[in-house]
Amino acid sequence: MTEKTLPPVYAPEQVEEKWYRFWEEGGFFRTGVDPEKKPFCIVMPPPNVTGELHMGHALDNTLQDVLIRWRRMQGHAALWLPGTDHAGIATQARVEAMLAKEGMSRYDLGREKFLERVWSWKERYGNRITLQLRRLGASCDWDRERFTMDAGCSEAVKEVFLRLYDRGLIYRGSYIVNWCPQCRTVISDIEVEHKDTAGNLYYIKYPVKNQDRFVTIATTRPETMLGDTAVAVNPADERYGELIGQVVVLPLVGREIPVIADAHVETEFGTGALKVTPAHDPYDFEIGGRHNLPAVRVIDQDGRMTPEAGARYAGLDRWECRKQVVRDLEAQGLLVKVEDLSHAVGHCYRCDTVIEPLISKQWFVRMKPLAEPAINAAREGRVRFVPERFTKIYMHWLENIRDWCISRQLWWGHRIPVWYCSDCGETIASGREVRECPKCGSARVEQDPDVLDTWFSSALWPFSTLGWPGETADLKFFYPTSVLVTGRDIIFFWVARMIFMGLAFMEDVPFREVFIHGLVLDALGRKMSKSLGNGVDPIDVIESHGADSLRFMLVTGNTPGNDLRFNFEKLEGARNFINKLWNASRFVLMNLDPEGSRAAAPADRELSDRWILSRYREAVEKATAGLGAYELGEAARALYEFVWDEFCDWYVELAKPRLYRGTPGEAAAARAVLHEVLGGLLRLLHPFIPFVTEEIWSHLNKGGAPLIHQPWPEDTPGLKDPEAEEEMGLIIEIIRAVRHIRAQMSVPPGRRAALVLVAPEERVRRIIEKGKGYIEELAAGSVTLAAELTAKPAQAAHAVAAGVEIFVPLGGLVDMEKERVRLAKEIDTVEKELARVEGKLGNPGFLSKAPADVVAKERDKQVELSAKREALQNRRRMLGEQ
RNA sequence: GGGCGAUUAGCUCAGGGGGAGAGCGCUUGCCUUACAAGCAAGAUGUCGUAGGUUCAAAUCCUACAUCGCCCACCA
């Protein structure tokens, strides 16, 4: 009776919360070390604590959840370890913005108070995204939730820093770095986004000292000329040969600077003469290093000109100064021309401000020694990318890697565990607070004010979350983790760094496989972004269509590594599918044997039962294979097709007459098979759409164990029933043909028509015999057709002669004549090829001289071709010889 | 400048050496006791262009074109 209470439309909002609570509180997501089971572990890419769930997260976490739920059902110790990232710049900026509203800056509060504010902000808002992940259905082991700045992770960060420092792989130095004047911190090379920007190329004359001539240089940044300390030309450049070693007078400044030769100067670009500003250009910095040039710093940390730029310019904003310099040059007649130029300009990935290269003292990680093992690991296949092509991108980056700048001028983050003695200048790296200098005993020691790049702690995530630097059972059991699922946008930021850190500290890769997915684009194919305002909020979607619909939409039609367009039609398609499943289940539940007798002896099964069970095996096979190959979209699609096109459209319809009008035995058999297949389907679909399947399961298996812990259906290709599949396949074709006749040709009841079956006669008779009932049922009203079913065109003609007016060749809804021609051609080519192979094999010279494997290959080919020829000839026979 | 991906039905996309696929949209007919978020029947494609390999190419190879992405110190 309760079955009747199931509404005809599935209402996700009424069940999702209930089931999530049931799973979480029931401890169904919990996993620990279990030597009886195989470990399967995914460490979640930690979303920013400041974050709100966006479509990218939804996709990433859906894929992970599908894999985890699948492996859990397969009986693995499936651990999905969640957590969040402290997101240095992002979080600090968020809290600073809050302070700004109160009219304060972090400096007003001071470091300690400010950090307190950030922590309380984190306590208050930091769990937001994890709550949103729950709504998506993410089956993480929340008891193990971690944070990149919790005690354990902080311990790991310190330990790694100190060990790298001891190994000489971390050093401090003055280098030119990418400075963001807005965020007021240095950022690493990969945090700089190069954007093509429309700019100008200014041609400026530099007078040669004591001579009446000039060198004309070209620059996009005239304001930096105030810091020039040389002009460089290519030594092979004939135009400038005699100038090398001469001195030019820097306009506006009056400084005398040398003309030097450097082989890296392009002769083609601009005038071939390059102004050298070591303090404000990475390239010039290197030239400066090679030639021992002084660096004159003319721009400060706020992007303003320094006193060294000269009184006229000091204090000006860099853009203001550019205009001023150009005006001044023009006034002095030193500006030759200005050209338009589109060139790549570095922007801050966070705030989009134009990066200012500055010389600054920072901490770096020496990358070459760390990169090498990471390259080897990929080359040797110890870590495998899916899709494969991302291996190349990863390798290319590591092969050309430069040292990693890891210090950040922020307060929120892992503070660099280094102290400096202001008396003797000693640098002390330590895991503990240092109060006095171990060298001179001075108490005037101060910790480095900077913190580490956020990605430094993320790089340790796969082992810091499992208890490193302790030697935990978790580490032994779950490390290396099974797979990393992430977007291709953070291969460098994160994936590569985890790999080299894992290799450096765990002596093994952090994960065996990296499953890369693309971006979620909007309906027009654009990146979803806040500034465009084209983002779709996953929570809105969950509220309107349910989490299962969102998940299913994200998984289907998505192939590894490729972008995915979000559109509502697809979402509706997913919802409709879920509703279809819901209704098919309603049907099964309504017809369930009230006595609960489910088992039907195989003997009671009829053709359609055998058929659907066999098709079900096929679905199991495809779903399992798809999941194993990370072809989740393919797996989901196979299930979609099975549910809709086979189970609903055919089997359920074929079961109805037996349920409604059949003998008790027939009805019981149908019920049992419906129950069995639906039960299996729910398992297969559970990883993709966990809520609705668990809900249906609870009705189907009252009082039983929940679906989430049911075993995944075994892949049993041996239980397939090819005979049933073939017979049923033909019957389905017949039914479709009969319907076609009726619909297209409007056969009124009572009028006679004939179907021509393209198959050997005795088979046709058998099929017709078996399929008669089905045909009468599903092509009702056409019953008079059944008697006329016939095997050969000739007989069809006979039927026509006997007053039958319409006939349609089956399989022959295709053009029979065209088919015959095609077949003839194919047989011809196969025969030709076969003749060639047989000729070869009949040649004693070939047999005695050719290598054994070549001969074997030819023999295989012969067998294959003969089989093919036979199949083709059979088909031709079936078409009916003329 | 280098690398990668895409190009298949009106739209969004799967597939992939031998008979062109799905969803949506469209046409026609249906509220048939699971479902109108549905059922049944249909129409629609020289699979970007040009070469090559092959008995056979939408599929593999090579160029090219268009779009997109990533990397890069031509100021």
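The structure displayed is predicted, hence computed values, not measured ones. Naming convention: chains lettered A, B, ... in sequence-line order (proteins, then strands); numbering from 1 in each chain.
Of the N and O atoms on the side chains of A:T556 and A:K570, not one donor lies less than 3.5 Å from an acceptor on the other residue.
At least one side-chain heavy atom of A:N178 sits under 4.5 Å from a side-chain heavy atom of A:D189. Between A:H280 and A:E356 there is a side-chain heavy-atom pair separated by less than 4.5 Å. Between A:L329 and A:P251 the shortest side-chain heavy-atom distance falls below 4.5 Å.
Contact annotation for A:T224: no contact, since no heavy-atom pair falls under 4.0 Å across all strands. Here A:N400 lies out of heavy-atom contact (under 4.0 Å) with every strand. Across all strands shown, A:V652 has heavy atoms under 4.0 Å from base atoms, whether or not it also approaches the sugar-phosphate. Residue A:R565 is in sugar-phosphate contact alone, with no base atom involved, counting any heavy-atom pair closer than 4.0 Å across all strands shown. As judged by a 4.0 angstrom heavy-atom cut-off over every strand, A:E653 is placed among the base-contacting residues. Among the heavy atoms of the strands lying under 4.0 Å from A:F492 are primed sugar atoms or P, OP1, OP2 only; no base atom is included. A:N579 comes within 4.0 angstrom of a base, heavy atoms only.
Aromatic ring pairs are classed by plane angle as parallel below 30°, tilted from 30° to 60° and perpendicular above 60°; the pair A:H545 and A:F568 is tilted. Relative ring orientation between A:F552 and A:F688 is described as perpendicular, the plane-to-plane angle rising above 60° on a 0-90° scale split at 30° and 60°. Using cut-offs of 30° and 60° for the angle between ring planes, the A:F647 and A:Y651 rings count as parallel.
Closest heavy-atom contact between A:R322 and A:P222: CG-CG, 3.8 Å. A:P282 and A:I176 make their closest contact through CA-CG2, 3.7 Å (heavy atoms, listed as atom of the first residue, atom of the second, distance). Taking every heavy atom of both residues into account, A:M553 and A:N567 meet most closely at SD-O, 4.2 Å.
With RNA chain B read from its 5' end, the first of the two nearest nucleotides for A:A523 and A:G573 is the one closest to A:A523. Comparing A:E569 and A:G525, the nucleotide of RNA chain B nearest to each residue sits closer to the 5' end for A:G525.
Nucleotides B:A20 and B:C24 have their P atoms positioned 24 Å apart, rounded to a whole Å. Taking the P atoms as reference points, B:C39 lies 15 Å from B:A22, given to the whole Å. If you take atom C1' in B:G68 and the same atom in B:C74, they sit 25 Å apart, rounded to whole Å. For the C1' atom pair drawn from B:U12 and B:U7, the interatomic distance equals 14 Å after rounding to whole Å. As rounded to the nearest Å, B:U28 and B:A63 have C1' atoms that lie 48 Å from one another. The same atom, P, is picked in B:G5 and in B:A14; the two are 14 Å apart, to the nearest Å. With C1' as the reference atom, B:C35 and B:C70 are 46 Å apart, rounded to whole Å. Nucleotides B:U44 and B:C26 are separated by 9 Å at their C1' atoms, to the nearest Å.
Using Watson-Crick or G-U wobble geometry with both donor-acceptor distances under 3.5 Å, B:A20 finds no partner in any strand shown. Pairing partner, B:U54: none, since no Watson-Crick or wobble contact has both distances short of 3.5 Å. The base-pairing partner of B:C30, taking Watson-Crick or G-U wobble contacts with both distances under 3.5 Å, is B:G38. In this structure, B:A43 makes no Watson-Crick or G-U wobble pair, since no nucleotide meets both defining distances under 3.5 angstrom. Under the Watson-Crick or G-U wobble criterion, with both distances below 3.5 Å, B:C67 is paired with B:G5.
Nearest nucleotide to the side chain of A:Y283, out of B:U12, B:C73, B:C70: B:C73. The side chain of A:T559 sits closest to B:G15 out of B:G15, B:C70, B:A37. Residue A:W644 has its side chain nearest to B:C39 when only B:C39, B:A14, B:A75 are considered. Looking at the side chain of A:V265, the nearest of the listed nucleotides B:A34, B:A75, B:A14 is B:A75. Of the candidate nucleotides B:A72, B:G38, B:G15, B:A72 has the atom lying nearest to any side-chain atom of A:H194. Checking B:C69, B:C73, B:A34 against every side-chain atom of A:R402, the shortest atom distance belongs to B:C73. Picking from B:U12, B:C74, B:C39 the nucleotide with the shortest atom distance to the side chain of A:K580 gives B:C39. Closest to the A:D649 side chain, of the nucleotides B:A40, B:A37, B:C69, is B:A40. Residue A:E631 places its side chain closer to B:G15 than to any other of B:C69, B:G15, B:U12. Here the side chain of A:N576 is nearest to one of B:C35, B:C74, B:A37, namely B:A37.
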Per-nt protein contacts along nucleotides 28-33 of chain B (heavy atom under 4.0 Å; B base, S backbone sugar-phosphate only, - none) come out as ------

Name the pairs: protein N/O against N/O of nucleotides 1-8 of chain B, kept only if under 3.5 Å.
from: B:C4; atom 1: OP1; to: A:K392; atom 2: NZ; distance (Å): 3.0

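Atom CD of A:E388 is surrounded by 12 or fewer heavy atoms from other residues, nucleotides or ligands within 6.0 Å. Applying the 6.0 Å contact sphere to NZ of A:K527 captures no more than 12 heavy atoms from other residues, nucleotides or ligands. Atom OH of A:Y175 is surrounded by 12 or fewer heavy atoms from other residues, nucleotides or ligands within 6.0 Å.
Here the C1' atom of nucleotide B:U12 and the CG atom of A:L521 are 12 Å apart, to the nearest Å. Atom CG of A:D262 is separated from atom P of B:A75 by 16 Å (rounded to the nearest Å). The distance from atom CD of A:E695 to atom P of B:A34 is 20 Å, rounded to the nearest whole Å. One interatomic measurement links the two molecules: CG of A:L274 to C1' of B:C73, which rounds to 10 Å at whole-angstrom precision. For the pair A:D522 CG and B:C13 P, the computed distance is 11 Å after rounding to whole Å. In this structure, A:L659 places its CG atom 10 Å from P of B:A34, rounding to the nearest Å. A straight line from CG of A:L589 to C1' of B:C35 spans 14 Å, rounded to a whole angstrom. What separates CG of A:D196 from P of B:C69 is a distance of 11 Å, to the nearest Å.
Applying the 3.5 Å distance criterion, the base of B:A14 shares no donor-acceptor pair with the side chain of A:R637.
Side-chain N/O atoms of A:R736 include one lying less than 4.0 angstrom from OP1 or OP2 on B:G42.
Geometrically, A:K656 engages A:F587 in a cation-pi contact, judged by NZ or CZ lying under 6.0 Å from the ring centre and within 45° of the ring axis.
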